[in-house]
K.L.:
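There's a structure below that I have some questions on.
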Amino acid sequence: MPSRPQEPDRAAPEPVEPVPEGAERPPRGDLPQPGPPPRPETANDEPGPDAAGPTPAEDEYTTAIQELEDRWRRALADVDNLRKRHVRELERERTVERSRTAAAFLPVLDNLELALTHAGADPGAIVEGVRAVRDQAVNVLERLGYPRHAETGVAFDPARHEVVGVVQDPDAPPGIVVEVLRPGYGDGERQLRPAAVTVTKRE
């Protein structure tokens with residue numbers, strides 16, 4: 001009889017040992033073994049977008065803001081210095097003006113003292129001396145910009161006159177100044193005071 005070729009012996013499968021319940025089955029050599037899970041990247045491995053520092057644009061903006069703040073502070077300091085200088089100059093001008101006004105009246109005081117000195121020797125001369133001193137004082141006020149107003153026979157002007165009395169005069173039109181009880185000095189915005197007058201009215 002012809003003989004049948006013998007088949008190669010197949011390797012018998014390795015017996016699988018039973019695994020107790022709850023225990024892990026040992027890995028087989030013919031299967032790929034799972035490796036450890038990949039380690040997540042940390043912040044130290046690669047810097048994030050915020051760790052790169054300020055950008056050139058941010059540096060430019062910061063520098064511009066600082067320059068504006070410096071300019072603002074310098075402007076405030078300049079304004080404060082200007083205000084203080086203006087206050088000092090204004091006070092100095094006031095002092096100079098007061099001194100100039102007081103100096104203008106010194107001759108008036110000198111003449112008053114001179115008139116009082118000679119009053120005992122000639123009592124009649126005191127009247128003329130006082131009148132002369134009065135005229136000198138009026139002249140000083142006029143040179144300072146405050147002319148005297150004591151006119152009669154003129155129409156009443158509310159900007160220059162203050163009515164303190166009223167009289168009836170059939171021969172004069174109404175609203176005419178007939179008497180000045182207290183002279184006025186100055187005009188318009190530079191008026192020291194209005195003249196106190198008596199005016200006429202109709203019957």
Side-chain angles (χ1 to χ4, degrees), residues 35-116 130 132-152 154-166 175-177 180-199:
R39 183 170 59 89
E41 295 181 356
T42 61
N44 295 330
D45 295 337
E46 184 179 353
D50 297 337
T55 62
E58 292 176 349
D59 290 340
E60 184 179 352
Y61 293 151
T62 303
T63 303
I65 292 175
Q66 292 176 352
E67 291 180 355
L68 291 176
E69 289 179 350
D70 293 340
R71 292 181 183 177
W72 176 66
R73 292 189 182 94
R74 286 196 297 268
L76 287 181
D78 292 340
V79 170
D80 187 61
N81 293 334
L82 180 62
R83 180 186 61 81
K84 292 178 180 178
R85 184 168 61 252
H86 177 70
V87 170
R88 290 194 300 267
E89 293 178 355
L90 183 61
E91 185 61 29
R92 183 167 57 252
E93 290 295 330
R94 288 175 178 173
T95 302
V96 171
E97 186 64 23
R98 285 194 296 265
S99 300
R100 187 171 70 90
T101 304
F105 274 95
L106 289 179
V108 177
L109 293 176
D110 294 340
N111 289 332
L112 280 176
E113 292 179 356
L114 186 62
L116 292 174
V130 170
V133 172
R134 190 275 315 271
D135 293 341
Q136 186 181 17
V138 170
N139 184 37
V140 170
L141 286 174
E142 186 174 359
R143 286 190 286 110
L144 291 175
Y146 304 101
R148 183 173 185 263
H149 298 290
E151 303 86 357
T152 59
V154 297
F156 170 76
D157 184 357
R160 298 171 55 186
H161 300 136
E162 178 184 359
V163 177
V164 295
V166 179
I176 298 298
V177 176
V180 178
L181 304 178
R182 186 189 63 198
Y185 294 91
D187 294 307
E189 296 181 354
R190 294 178 57 86
Q191 185 183 69
L192 293 178
R193 71 180 185 188
V197 299
T198 299
V199 298

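Heavy-atom basis, side chains included; hydrogens, waters and symmetry copies ignored.
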K.L.:
Report the distance from atom CG of D135 to atom CD of E142, rounding to the nearest 0.5 Å.
P.N.:
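Those atoms lie 11.5 Å apart.
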K.L.:
If you measure from CG on D59 to OG1 on T63, what distance do you get to the nearest 0.5 Å?
P.N.:
6.5 Å
K.L.:
Does the side-chain contact (heavy atoms from CB on, under 4.5 Å) test come out yes or no for W72 and L76, once each step is laid out?
P.N.:
CA-CA 6 Å; W72 176 66; L76 287 181; 3.5 Å; yes
K.L.:
State plainly whether the residues E162 and R182 are in salt-bridge range, i.e. N to O under 4.0 Å.
P.N.:
yes
K.L.:
Show the numbers, then the answer: is there a salt bridge (charged side-chain N to carboxylate O under 4.0 Å, His left out) between R100 and E97?
P.N.:
CA-CA 5 Å; R100 187 171 70 90; E97 186 64 23; 2.7 Å; yes
K.L.:
Assess the residue pair V199 and H161 against the criterion (side-chain contact (heavy atoms from CB on, under 4.5 Å)); give the C-alpha distance rounded to whole Å, side-chain angles, the decisive distance to 0.1 Å, and a yes or no.
P.N.:
CA-CA 10 Å; V199 298; H161 300 136; over 6 Å; no
K.L.:
Give a yes or no on whether E151 atom CD has more than 12 heavy-atom contacts from other residues, nucleotides or ligands under 6.0 Å away.
P.N.:
yes
K.L.:
For the CG atom of L192 and the NE2 atom of H149, what is their distance to the nearest 0.5 Å?
P.N.:
10.0 Å
K.L.:
Does a side-chain N-to-carboxylate-O contact under 4.0 Å join D80 and K84?
P.N.:
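Between K84 and D80 there is a salt bridge, with a charged N closer than 4.0 Å to a carboxylate O.
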K.L.:
From D70 CG over to I65 CD1, what is the distance, rounded to the nearest 0.5 angstrom?
P.N.:
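It comes to 12.0 Å.
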K.L.:
Could you please spell out the steps behind the side-chain contact (heavy atoms from CB on, under 4.5 Å) verdict for V140 and Y146?
P.N.:
CA-CA 9 Å; V140 170; Y146 304 101; over 6 Å; no
K.L.:
When rounded to the nearest 0.5 angstrom, what distance separates CZ in R88 from CD in E93?
P.N.:
14.0 Å
K.L.:
Which heavy atom in I176 sits nearest to a heavy atom in A155, and how many Å separate them?
P.N.:
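What the structure gives for the nearest pair is CD1-CA, 4.0 Å.
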K.L.:
Hey, what do you get for CG (L144) to CZ (F105), rounding to the nearest 0.5 Å?
P.N.:
6.5 Å
K.L.:
What are the two closest heavy atoms between V108 and Q136, and how far apart are they?
P.N.:
CA-OE1, 3.8 Å
K.L.:
If you compare all heavy atoms of A150 against all heavy atoms of P183, which two are closest, and at what distance to 0.1 Å?
P.N.:
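Shortest heavy-atom separation between A150 and P183 comes out as CB-CB, 4.1 Å.
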K.L.:
Would you name the heavy atoms of Q191 and A159 that are closest together and state the gap between them?
P.N.:
NE2-O, 2.9 Å
K.L.:
Is a salt bridge present between E91 and R98, judged by a nitrogen-to-oxygen distance below 4.0 Å?
P.N.:
yes
K.L.:
Give me the atom names and distance for the closest heavy-atom approach of V166 to T198.
P.N.:
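Heavy-atom minimum between the residues: N-CG2, 4.0 Å.
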